[in-house]
Amino acid sequence: MNLMKTLIPAAAIVALPQMGLAQEAVTGEAAQHTQYIFTTLLFLMGGFLVFFMAAGFAMLEGGLVRSKNVAMQMIKNMALFSIAAIMYWLIGFNLMYPGDGWSITGWLGPFFSTTKLDAVGVAPADAALDYASIGSDFFFQLVFVAATASIVSGAVAERIKLWPFLAFVVVLTGIMYPISGSWQWGGGWLSEAGFSDFAGSTVVHSVGGWAALAGAIILGPRIGKYKDGRVHPIPGSNLALATLGTFILWLGWFGFNGGSQLAMGTVGDVSDVSRIFANTNMAAASGSVAALIMTQLLYKKPDLTMVLNGALAGLVSITAEPLAPTLFGALWIGAVGGIIVVFAVPMLDKFKIDDVVGAIPVHLFAGIWGTIAVIFYGEASLGTQLLGIIAYGVFTFAGALVLWTVLKSTVGIRVSEEDEINGLDMAELGMEAYPEFSKG
Amino acid sequence: MNLMKTLIPAAAIVALPQMGLAQEAVTGEAAQHTQYIFTTLLFLMGGFLVFFMAAGFAMLEGGLVRSKNVAMQMIKNMALFSIAAIMYWLIGFNLMYPGDGWSITGWLGPFFSTTKLDAVGVAPADAALDYASIGSDFFFQLVFVAATASIVSGAVAERIKLWPFLAFVVVLTGIMYPISGSWQWGGGWLSEAGFSDFAGSTVVHSVGGWAALAGAIILGPRIGKYKDGRVHPIPGSNLALATLGTFILWLGWFGFNGGSQLAMGTVGDVSDVSRIFANTNMAAASGSVAALIMTQLLYKKPDLTMVLNGALAGLVSITAEPLAPTLFGALWIGAVGGIIVVFAVPMLDKFKIDDVVGAIPVHLFAGIWGTIAVIFYGEASLGTQLLGIIAYGVFTFAGALVLWTVLKSTVGIRVSEEDEINGLDMAELGMEAYPEFSKG
Amino acid sequence: MNLMKTLIPAAAIVALPQMGLAQEAVTGEAAQHTQYIFTTLLFLMGGFLVFFMAAGFAMLEGGLVRSKNVAMQMIKNMALFSIAAIMYWLIGFNLMYPGDGWSITGWLGPFFSTTKLDAVGVAPADAALDYASIGSDFFFQLVFVAATASIVSGAVAERIKLWPFLAFVVVLTGIMYPISGSWQWGGGWLSEAGFSDFAGSTVVHSVGGWAALAGAIILGPRIGKYKDGRVHPIPGSNLALATLGTFILWLGWFGFNGGSQLAMGTVGDVSDVSRIFANTNMAAASGSVAALIMTQLLYKKPDLTMVLNGALAGLVSITAEPLAPTLFGALWIGAVGGIIVVFAVPMLDKFKIDDVVGAIPVHLFAGIWGTIAVIFYGEASLGTQLLGIIAYGVFTFAGALVLWTVLKSTVGIRVSEEDEINGLDMAELGMEAYPEFSKG
């Protein structure tokens, strides 16, 4: 919008009244078109980067489960993204961002309408010139909801049945996420209350984390994880894959946070997107280094999976406010995220909550931290931030608990003991991810 | 800075009524430059996304072959992309898009000329201001032809010799694809006949599929695949890698279809690119879900490789017309693609055509389906679409049959039985992809 | 085209002289803003592509080391990128590109200042309108320095201790690279002397190569590599991963070279970026094909790792001047790079310099070649190019020798013989990358 504002004084010095207005309109129109194209491009670029996070989650999870469950983790990640795409079109997008003629009350409503794109070759007069094309906006929002489902997938791995998991994804992506998302991003009551969550530490990550936590509790731990009062670590089968997944997620996060600026058509906006890129990168770096140092200090040996999760926790931490902090702000906010993970992973084990990939520390705990950290740089009070954290927590955790319980008591959510020991790949899919490599 | 410089003299002449016209020219010029930059950027962005599909094909194929043939599949994919890049520069680009001073008759011609880029720092007057820079256009077209070659690579895996395969790639990418491509995208007879193929369900994917089919037939099946009247499935060695490959291909497809809008400089064009992104994503999602459900219904167990190929078939299906359909249109077109794959894979086995990765069902059958599906949303008649499908099929299949047969009867295309059993990696390359992992 | 059409009626009504000047200011300002956005976008896009090269290096190296050292290679690559990000913010960026109020003498100085981004929502008057936002520039420069550190990581793999390696990275990325980088890109004495290195064949790649060479010499070869006067090849554990890494690096190189145009806001600039994309791709392709043919001729069997390194050598070779050459120029420059690698790898073995992944041939030797090749197309004399090559070589090699020696004689840089034989993963990290796959 900067361009249009700066044009008005310049146009005001022209002599003929009529002409001034005409000229202003002309240049303003050209500038407006250019801005629309830039912002649409931001969503497309951000969108494909966040899309690729689906591969990142798949690789991270595939690397952190045992080889007997890898094919299952792959099919879950393909399917959850696909289901999210369909459900968000069918219900979610319009439920979260209600259009004209209907307004969500801020809590929940009977709204149900599939997404309708701009017409082919839409005329400027029919486009949202002060924003972006519907298709790009829909695509960008859609890849966010899929990320939420991916978070759950990792925590409940290695013991959950495929179809009940997918049923959970249907409700999470079609109804739960869009309803709570609308509170903040759909202009609902939390945004009016002053809650601040730039790209979704709470709206996306902690929501995924709460749903994962409920699932991990209802499911119970994997066989052998907690035995004789001790924790038995179950190492992941492929740490190269897990590292690749983390790098892909880091890459995708530039789109996740950068795209959430929601505008790129002015000097100020594109510079803000740049700030966000730099801060996002810094928080990931410091989260990673913090976890590296902490595991060296605590365990005398650096821990690769903690370093990976430290980077991710840094990213989640900066997601609530990636714009306002200085680079030093991003550094310490991310570092605290990395430290949280190092302490939270064993803490969950104390409670015998078996989170296979560390999704709950990364996405829930660092998500809460990041949401609180907004008060140091952004414009939000601690009270409002806590209100938002609690509102999302209560709604999502309670909803997920109910949903998991219903699924458990009807179709069942956990595979048989025999199937779990043999691996979900053979039991549920009849195939192996690595059929030729003999197991040690 | 060019823009500002050119504006000053233009502004200097204003003073009088003529000024109206001058001003029109000035602002029009600035807008035209901006459009040129946007469209060039679309090609660069689309181009690097489609380039990355080379990695996607490599990972998909590397995951679906046995570990003893993985290094060979890797070298083939590196080499085929590189050869395509050289051949398309040497002959293909100008053969497919003949420039001034020469015109292809629509079928074939003696045209031979290497690609010549815009001059360094090209002046606006010398650039194709209503389109994009030559370098970006060439790069974007080049990564398409490489995709065609990648398709062949998967189908003929695990038994073909390296050099004859590469010889086939030389002809396919330098001559066959450019000739048939010019019929449609070079403004040839099929485009004049009204054939419609937006991003290449037929021009790219079915061409790859036909060449693959001819190769699979001439080569014959792998040892042990069809024995005693039964089909013996040969599982892939690394389904995590195959899943990664599929996600990368899905990512690349945003560039493949989105870039094929060939313009991004207006509100209408960038909105169309957005529609294409959303539709492309939807078709992949529905193809994946359709294959998931179909394999559950038919075999009582979901099949990961079918889900991967279902997503790819959805993508191929929407490629002929990713713009015109609604999201619901994309959903059902993609879903049909996914279902086709589930039925086509066993059908090929009935004919003892051994397609290692499912490239023929995905790229040929879903490509034909997608080309037909244009009639439901785009502007094309069934007759013309069938004409195009048949023309590409006859030309490519016959050409490939001849080429494979010539190669077979001269240098031979198949490794010895002993080499096939020992694996191509040791036999042809003297190395193993996973030398440390003992085979089960 | 929409823009032009809508402008005509509006322009037709203008008639007053004053308007001309007003309009000039207005349109010029709008055009300048648009240029700033385009160039900033180039840095963001180029930046995330180059960022992803960190994953490429990790996968390449992870695939080329033995499985007992993979987790270590992963943690090193995560940590080195993170450390580079922090050090470059803390010291490097301002040391390399000194701002107002302080000027580096061209060699070295006491400059020390953390990076400060543009203000949130920076006003156009406060932004570098003729360039790009600070955040995007910083991010783009930062991912380059990380690449330098990644190069070292590969060469010294499988025997170096984690923490001394990271200490080296601290100095390399915070001090050594920025100082020598400022000679050329910070407007220092080498750029004034006419040295030409567009995207860093010397400034980035050979610097990494020199540091790697010093490290490999001081460390000594891996146990068992050179025994009884013979070279014992140590095959990499996962060539699929190494291939993936190479494709990712190739992808990232479009950002590396394309972004180094440092401008995208004019017809000439975006066309130049396109030339760079096309040339970069061509050099990689010809490097790959050259290595394929050479290994077939020399060893009767194509060598996959040579093909991968050939592609990378082609990329390094074209990096010093990716803009000026024709596509044929890029082809032969890249091909020479590929050939260099095929001869340089065994040559290093003659000197018993054990470079695990071939980083020195690829980044140092092909880097030198590429810097010399500038004289055939760019504007540089052989003398100046050699001056630059030698200056970077002496400074970096000497500095690295000193630093490695200090580290060796204080904390020690090499793991114990026992730890090396057991693998760094168990010894230093207490974990395995592939714990379930038994070793053959």
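Below, chain A is the first sequence line, B the second, and so on; all start at residue 1. Since this is a predicted model, take the numbers as computed values, not measurements.
- Both the backbone and the side chain of C:Val120 come within less than 4.5 Å of a heavy atom of chain A.
- Side-chain contact check for C:Ser82 and A:Ser288: at least one donor-acceptor pair (N or O, by modelled atom type) lies under 3.5 Å.
- For chain C, no part of A:Tyr299 is nearby; none of its heavy atoms comes within less than 4.5 Å.
- C:Leu244 touches chain A through its side chain: at least one heavy atom from C-beta onward sits under 4.5 Å away, while N, CA, C and O do not.
- Judged by distance alone, with hydrogens and angles left aside, the side-chain atoms of C:Asp118 form no donor-acceptor pair with the main-chain N or O of A:Ser271 at under 3.5 Å.
- Using a 4.5 Å heavy-atom threshold, the side chains of C:Leu117 and A:Asn279 count as touching.
- Looking at C:Leu241, only its side chain comes within 4.5 Å of chain A, counting heavy atoms on both sides.
- Using a 4.5 Å heavy-atom threshold, the side chains of C:Tyr434 and A:Phe437 count as separate.
- A distance of 8.0 Å separates CD1 of C:Ile75 from CG of A:Leu308, quoted to the nearest 0.5 Å.
- Across A:Ala291, A:Gly314, A:Ser286, A:Ser237, the residue that shares the most heavy-atom pairs under 4.5 angstrom with chain C is A:Ser237.
- Most heavy-atom pairs under 4.5 Å with chain C, from the set A:Thr295, A:Leu49, A:Leu239: that is A:Leu239.
- For A:Ile276, no part lies near chain C; criterion is any non-hydrogen pair under 4.5 Å.
- Neither the backbone nor the side chain of A:Thr326 comes within contact range of chain C; no heavy atoms are under 4.5 Å apart.
- Heavy-atom distances place no part of C:Ile134 under 4.5 Å from chain A, backbone and side chain included.
- Proximity to chain A is limited to the side chain of C:Met59, based on heavy atoms less than 4.5 angstrom apart.
- Interatomic distance, CD1 of C:Ile86 versus CG of A:Leu331, reported as 5.0 Å (0.5 Å rounding).
- Here CE of C:Met431 is found 10.0 Å from NZ of A:Lys301. Values are rounded to the nearest 0.5 Å.
- Of the listed residues (C:Ala58, C:Ala54, C:Gly430), the one with the most heavy-atom contacts under 4.5 Å to chain A is C:Ala54.
- Separating the CE atom in A:Met264 from the CG atom in C:Leu44 is a distance of 8.0 Å, to the nearest 0.5 Å.
- In this structure, chain C has a heavy atom under 4.5 Å from the side chain of A:Ala311, while its backbone stays farther away.
- Aromatic ring centres of C:Phe38 and A:Phe38 lie closer together than 6.0 Å.
- If you measure heavy-atom distances from A:Thr246 to chain C, the contacts under 4.5 Å come from the side chain alone.
- For A:Asp272, the part lying near chain C is the side chain, with the backbone staying farther off; criterion is any non-hydrogen pair under 4.5 Å.
- Counting heavy atoms from C-beta on, the side chains of A:Phe247 and C:Ile248 never come closer than 4.5 Å.
- Side-chain contact check for C:His33 versus A:Val267: some heavy-atom pair is nearer than 4.5 Å.
- Of the atoms belonging to C:Ala85, heavy atoms from both backbone and side chain fall under 4.5 Å from chain A.
- For C:Ala71, the parts lying near chain A are the backbone and the side chain together; criterion is any non-hydrogen pair under 4.5 Å.
- Residues forming a ring-ring contact (aromatic ring centres under 6.0 Å, His included) with A:Phe51 (at least two apart in sequence, or on another chain): A:Phe81, B:Trp250, B:Phe254.
- With a 4.5 angstrom heavy-atom cutoff, C:Met74 touches chain A via backbone and side-chain atoms both.
- The most heavy-atom pairs under 4.5 Å with chain C, out of A:Ala278, A:Pro302, A:Pro235, come from A:Pro302.
- Separation of atoms CZ (C:Phe139) and OG1 (A:Thr280) is listed at 9.0 Å; rounding is to 0.5 Å.
- Using a 4.5 Å heavy-atom cutoff, the side chains of A:Phe328 and C:Trp89 are in contact.
- Counting non-hydrogen atoms of other residues, nucleotides and ligands closer than 6.0 Å to CD of A:Gln296 gives a total above 12.
- Side-chain atoms of C:Ile37 and A:Asp269, non-hydrogen and from C-beta on, never get closer than 4.5 Å to each other.
- Atoms CE and CG, from C:Met45 and A:Leu41 in turn, are 8.5 Å apart once rounded to the nearest 0.5 Å.
- Proximity to chain A is limited to the backbone of C:Ala427, based on heavy atoms less than 4.5 angstrom apart.
- Neither the backbone nor the side chain of C:Ala84 has a heavy atom closer than 4.5 Å to any heavy atom of chain A.
- Proximity of A:Leu327 to C:Phe138: side-chain heavy atoms (C-beta onward) are separated by under 4.5 Å at one or more points.
- Of the residues considered (C:Gly245, C:Ala119, C:Ala132, C:Gly63), C:Ala119 shows the highest number of contacts with chain A, using heavy-atom pairs under 4.5 Å.
- For A:Tyr377, no part lies under 4.5 angstrom from a heavy atom of chain C.
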